[in-house]
Amino acid sequence: MLASIERTADGYVARFERHLKHPVEKVWSYLTENERLAKWFAELSVDDLREGGVFKFDMGNGTFETMEILELKPYSVLAYTWGEDRVRFELYPEPGGCRLVLVENIAKLTDHTPRDLAGWDVCLDVIAALLDGGTIPDRKAVWAGRYEEYKALIRSSTEEK
(Lines give C-alpha, C1' and ligand atoms only; values in the text may rest on other atoms or scores of the structure.)
Protein backbone atom coordinates (compact mmCIF):
# COMPACT_ATOMS: atom_id res chain seq x y z
CA MET A 1 0.00 0.00 0.00
CA LEU A 2 1.38 3.39 -1.00
CA ALA A 3 1.86 6.28 1.38
CA SER A 4 -0.90 8.83 1.69
CA ILE A 5 -0.01 12.37 0.64
CA GLU A 6 -1.83 15.40 1.97
CA ARG A 7 -1.34 19.10 1.37
CA THR A 8 -0.77 21.17 4.52
CA ALA A 9 -0.24 24.86 5.25
CA ASP A 10 3.55 24.22 5.24
CA GLY A 11 3.77 21.91 2.23
CA TYR A 12 2.87 18.22 2.14
CA VAL A 13 2.82 15.24 4.47
CA ALA A 14 3.50 11.71 3.28
CA ARG A 15 2.45 8.97 5.69
CA PHE A 16 3.55 5.34 5.47
CA GLU A 17 2.27 2.62 7.77
CA ARG A 18 3.34 -0.99 8.32
CA HIS A 19 2.03 -3.60 10.76
CA LEU A 20 4.94 -5.79 11.81
CA LYS A 21 4.90 -9.08 13.71
CA HIS A 22 7.82 -8.05 15.89
CA PRO A 23 8.15 -6.19 19.20
CA VAL A 24 8.83 -2.47 19.28
CA GLU A 25 12.31 -3.03 20.73
CA LYS A 26 13.41 -5.15 17.78
CA VAL A 27 12.02 -2.73 15.20
CA TRP A 28 13.63 0.20 17.05
CA SER A 29 17.02 -1.48 16.70
CA TYR A 30 16.69 -1.33 12.90
CA LEU A 31 16.12 2.42 13.11
CA THR A 32 18.91 3.25 15.57
CA GLU A 33 21.71 0.65 15.51
CA ASN A 34 24.25 1.15 12.73
CA GLU A 35 24.84 -2.54 12.00
CA ARG A 36 21.10 -3.06 11.41
CA LEU A 37 20.50 0.33 9.81
CA ALA A 38 23.15 -0.50 7.19
CA LYS A 39 21.13 -3.55 6.08
CA TRP A 40 18.24 -1.44 4.84
CA PHE A 41 19.81 2.01 4.23
CA ALA A 42 23.55 1.61 3.67
CA GLU A 43 24.23 5.34 3.23
CA LEU A 44 22.69 6.31 6.58
CA SER A 45 24.38 6.01 9.98
CA VAL A 46 23.81 7.21 13.52
CA ASP A 47 26.61 9.50 14.66
CA ASP A 48 25.17 10.67 17.99
CA LEU A 49 21.86 9.14 19.13
CA ARG A 50 20.26 11.87 21.26
CA GLU A 51 18.04 14.89 20.70
CA GLY A 52 20.35 17.40 19.05
CA GLY A 53 22.56 14.54 17.86
CA VAL A 54 22.99 13.60 14.23
CA PHE A 55 22.53 11.01 11.55
CA LYS A 56 24.97 11.09 8.64
CA PHE A 57 24.16 10.43 5.00
CA ASP A 58 27.13 9.22 2.96
CA MET A 59 26.98 11.09 -0.34
CA GLY A 60 29.28 8.47 -1.90
CA ASN A 61 31.97 10.97 -2.83
CA GLY A 62 33.76 11.28 0.51
CA THR A 63 31.34 13.86 1.89
CA PHE A 64 28.50 13.48 4.37
CA GLU A 65 25.22 15.31 4.84
CA THR A 66 24.26 15.66 8.51
CA MET A 67 20.70 15.44 9.76
CA GLU A 68 19.84 16.72 13.22
CA ILE A 69 17.80 14.52 15.54
CA LEU A 70 14.81 16.66 16.49
CA GLU A 71 13.01 14.21 18.77
CA LEU A 72 14.04 10.97 20.41
CA LYS A 73 11.78 8.92 22.67
CA PRO A 74 13.29 5.43 22.91
CA TYR A 75 11.13 2.68 21.43
CA SER A 76 8.54 5.27 20.41
CA VAL A 77 9.63 8.30 18.32
CA LEU A 78 12.65 9.17 16.21
CA ALA A 79 12.52 12.39 14.16
CA TYR A 80 15.27 14.15 12.23
CA THR A 81 15.88 16.67 9.48
CA TRP A 82 16.11 15.45 5.90
CA GLY A 83 17.41 18.39 3.88
CA GLU A 84 14.59 20.94 4.00
CA ASP A 85 12.18 18.22 5.07
CA ARG A 86 11.58 16.22 8.24
CA VAL A 87 11.18 12.49 8.78
CA ARG A 88 9.54 10.95 11.81
CA PHE A 89 9.33 7.29 12.75
CA GLU A 90 6.72 6.28 15.31
CA LEU A 91 6.29 2.86 16.88
CA TYR A 92 3.09 1.64 18.54
CA PRO A 93 2.83 -1.70 20.35
CA GLU A 94 0.05 -3.95 19.03
CA PRO A 95 -1.01 -7.47 19.92
CA GLY A 96 1.54 -9.77 18.28
CA GLY A 97 3.88 -6.97 17.19
CA CYS A 98 3.81 -3.26 16.47
CA ARG A 99 2.77 -0.60 14.01
CA LEU A 100 5.52 1.40 12.32
CA VAL A 101 4.54 4.81 10.98
CA LEU A 102 6.86 6.99 8.92
CA VAL A 103 5.78 10.58 8.37
CA GLU A 104 7.74 12.82 6.03
CA ASN A 105 6.98 16.53 6.10
CA ILE A 106 7.84 17.77 2.63
CA ALA A 107 8.39 21.50 2.18
CA LYS A 108 8.03 21.43 -1.61
CA LEU A 109 7.19 18.74 -4.16
CA THR A 110 9.90 18.38 -6.79
CA ASP A 111 10.76 15.94 -9.57
CA HIS A 112 12.82 14.11 -6.95
CA THR A 113 9.91 13.61 -4.51
CA PRO A 114 8.51 10.43 -6.11
CA ARG A 115 12.04 8.96 -6.06
CA ASP A 116 12.35 9.64 -2.33
CA LEU A 117 8.88 8.31 -1.54
CA ALA A 118 9.52 5.14 -3.54
CA GLY A 119 12.81 4.79 -1.67
CA TRP A 120 11.19 5.09 1.75
CA ASP A 121 8.48 2.65 0.71
CA VAL A 122 11.01 0.02 -0.37
CA CYS A 123 13.12 0.65 2.74
CA LEU A 124 10.11 -0.11 4.95
CA ASP A 125 9.49 -3.31 3.00
CA VAL A 126 13.15 -4.27 3.44
CA ILE A 127 12.92 -3.68 7.20
CA ALA A 128 9.86 -5.96 7.32
CA ALA A 129 11.63 -8.63 5.27
CA LEU A 130 14.77 -8.47 7.44
CA LEU A 131 12.72 -8.75 10.61
CA ASP A 132 11.07 -11.85 9.15
CA GLY A 133 14.49 -13.34 8.36
CA GLY A 134 14.29 -12.66 4.63
CA THR A 135 15.29 -10.08 2.08
CA ILE A 136 14.08 -8.38 -1.08
CA PRO A 137 16.36 -9.74 -3.83
CA ASP A 138 15.86 -7.00 -6.44
CA ARG A 139 15.24 -3.76 -4.58
CA LYS A 140 15.87 -1.68 -7.72
CA ALA A 141 13.09 -3.42 -9.64
CA VAL A 142 10.66 -2.97 -6.74
CA TRP A 143 11.73 0.67 -6.44
CA ALA A 144 11.19 1.27 -10.19
CA GLY A 145 7.58 0.08 -9.96
CA ARG A 146 6.88 2.16 -6.87
CA TYR A 147 8.51 5.20 -8.47
CA GLU A 148 5.96 5.08 -11.30
CA GLU A 149 3.14 4.65 -8.78
CA TYR A 150 4.33 7.64 -6.73
CA LYS A 151 4.65 9.83 -9.84
CA ALA A 152 0.99 9.07 -10.58
CA LEU A 153 -0.05 9.59 -6.95
CA ILE A 154 1.68 12.96 -6.74
CA ARG A 155 0.11 14.05 -10.04
CA SER A 156 -3.34 13.16 -8.71
CA SER A 157 -2.60 14.77 -5.31
CA THR A 158 -1.61 18.08 -6.85
CA GLU A 159 -4.28 18.43 -9.53
CA GLU A 160 -6.84 21.13 -8.89
CA LYS A 161 -10.17 19.70 -7.77
Side-chain angles (χ1 to χ4, degrees), residues 1-6 8 10-20 22-94 97-136 139-140 142-144 146-147 150 154:
M1 186 164 127
L2 296 179
S4 63
I5 300 174
E6 294 180 23
T8 66
D10 299 331
Y12 295 85
V13 173
R15 180 184 171 89
F16 303 83
E17 192 168 314
R18 298 291 192 278
H19 296 273
L20 305 169
H22 300 276
V24 164
E25 295 80 8
K26 189 169 183 183
V27 177
W28 182 257
S29 72
Y30 277 87
L31 302 177
T32 61
E33 295 176 11
N34 284 330
E35 61 277 359
R36 291 191 170 171
L37 186 59
K39 293 178 181 180
W40 65 273
F41 203 140
E43 298 82 9
L44 197 60
S45 63
V46 177
D47 192 56
D48 185 8
L49 188 62
R50 63 177 176 81
E51 284 188 18
V54 296
F55 273 76
K56 286 188 176 176
F57 186 94
D58 185 344
M59 300 300 287
N61 61 4
T63 64
F64 293 84
E65 193 77 29
T66 59
M67 289 141 339
E68 181 184 356
I69 298 173
L70 303 170
E71 188 175 1
L72 179 70
K73 295 179 183 171
Y75 310 111
S76 178
V77 175
L78 173 63
Y80 47 90
T81 59
W82 189 264
E84 293 180 20
D85 302 331
R86 306 284 183 263
V87 294
R88 178 184 175 93
F89 293 90
E90 302 171 357
L91 293 172
Y92 301 94
E94 294 183 329
C98 70
R99 180 169 45 110
L100 169 61
V101 175
L102 167 58
V103 177
E104 182 174 7
N105 292 87
I106 303 167
K108 179 181 168 189
L109 296 180
T110 68
D111 291 343
H112 205 270
T113 303
R115 294 177 185 280
D116 289 344
L117 295 177
W120 283 123
D121 206 303
V122 173
C123 283
L124 295 177
D125 287 350
V126 171
I127 291 171
L130 290 167
L131 285 162
D132 291 341
T135 188
I136 295 179
R139 294 179 191 185
K140 286 184 181 182
V142 175
W143 176 88
R146 299 268 172 80
Y147 170 62
Y150 278 108
I154 287 172

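Both backbone and side-chain heavy atoms feed into the values below; hydrogens, waters and symmetry mates do not.
Here the shortest heavy-atom pairing between H22 and L131 reads CE1-O, 2.9 Å. Of all heavy-atom pairs spanning V77 and E71, the tightest one is CG1-CD, 3.7 Å. Minimum heavy-atom separation, L124 to L100: CD2-CD2, 3.7 Å. Between R50 and L72, the shortest heavy-atom contact is CA-CD2, 3.5 Å. Minimum heavy-atom separation, E104 to W82: OE2-CD1, 3.9 Å. Of all heavy-atom pairs spanning Y12 and T8, the tightest one is N-OG1, 3.8 Å.
Here the CG atom belonging to L91 is positioned 9.0 Å from the CZ atom belonging to F89, to the nearest 0.5 angstrom. Rounding to the nearest 0.5 Å places CG of L102 at 9.0 Å from CD of E90. Atoms OG and CZ, from S45 and F57 in turn, are 10.5 Å apart once rounded to the nearest 0.5 Å. Between D58 atom CG and T63 atom OG1 the span is 7.5 Å, to the nearest 0.5 Å. Distance CG/D47 to CD/E68: 12.5 Å, rounded to 0.5 Å. The distance from atom CD of E6 to atom CZ of R15, rounded to the nearest 0.5 Å, is 9.0 Å.
Put simply, the side chain of Y150 gets close to the backbone of A3: a donor and an acceptor are under 3.5 Å apart.
Using a 4.5 Å heavy-atom threshold, the side chains of L31 and I127 count as touching. Within the 4.5 Å cutoff, the side chain of N105 has no heavy atoms near those of the D85 side chain. Within the 4.5 Å cutoff, the side chain of F55 has heavy atoms near those of the L78 side chain. Two residues are said to be in side-chain contact when any heavy atoms from C-beta on lie closer than 4.5 Å; L37 and N34 meet this criterion. Counting heavy atoms from C-beta outward, R88 and L70 have side chains that stay 4.5 Å or more apart. Proximity of K26 to R36: side-chain heavy atoms (C-beta onward) are separated by under 4.5 Å at one or more points.
Salt bridge D121/R18: present, at least one basic N to carboxylate O contact under 4.0 Å. Ionic pairing of R139 and D125 is not present here: no N-O contact between side-chain nitrogen and carboxylate oxygen is shorter than 4.0 angstrom.
Ring geometry for W143 versus Y147: interplanar angle under 30°, hence parallel rather than tilted (30 to 60°). The aromatic rings of W40 and W120 sit tilted relative to each other, their planes meeting at an angle between 30° and 60°. Relative orientation of the W28 and Y75 rings is tilted, given thresholds of 30° and 60° on the angle between their planes.
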Pair F16, L117 - check side-chain contact (heavy atoms from CB on, under 4.5 Å), show working. CA-CA 9 Å; F16 303 83; L117 295 177; 3.8 Å; yes

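Within a 6.0 Å radius of CD in E35, other residues, nucleotides and ligands contribute more than 12 heavy atoms.
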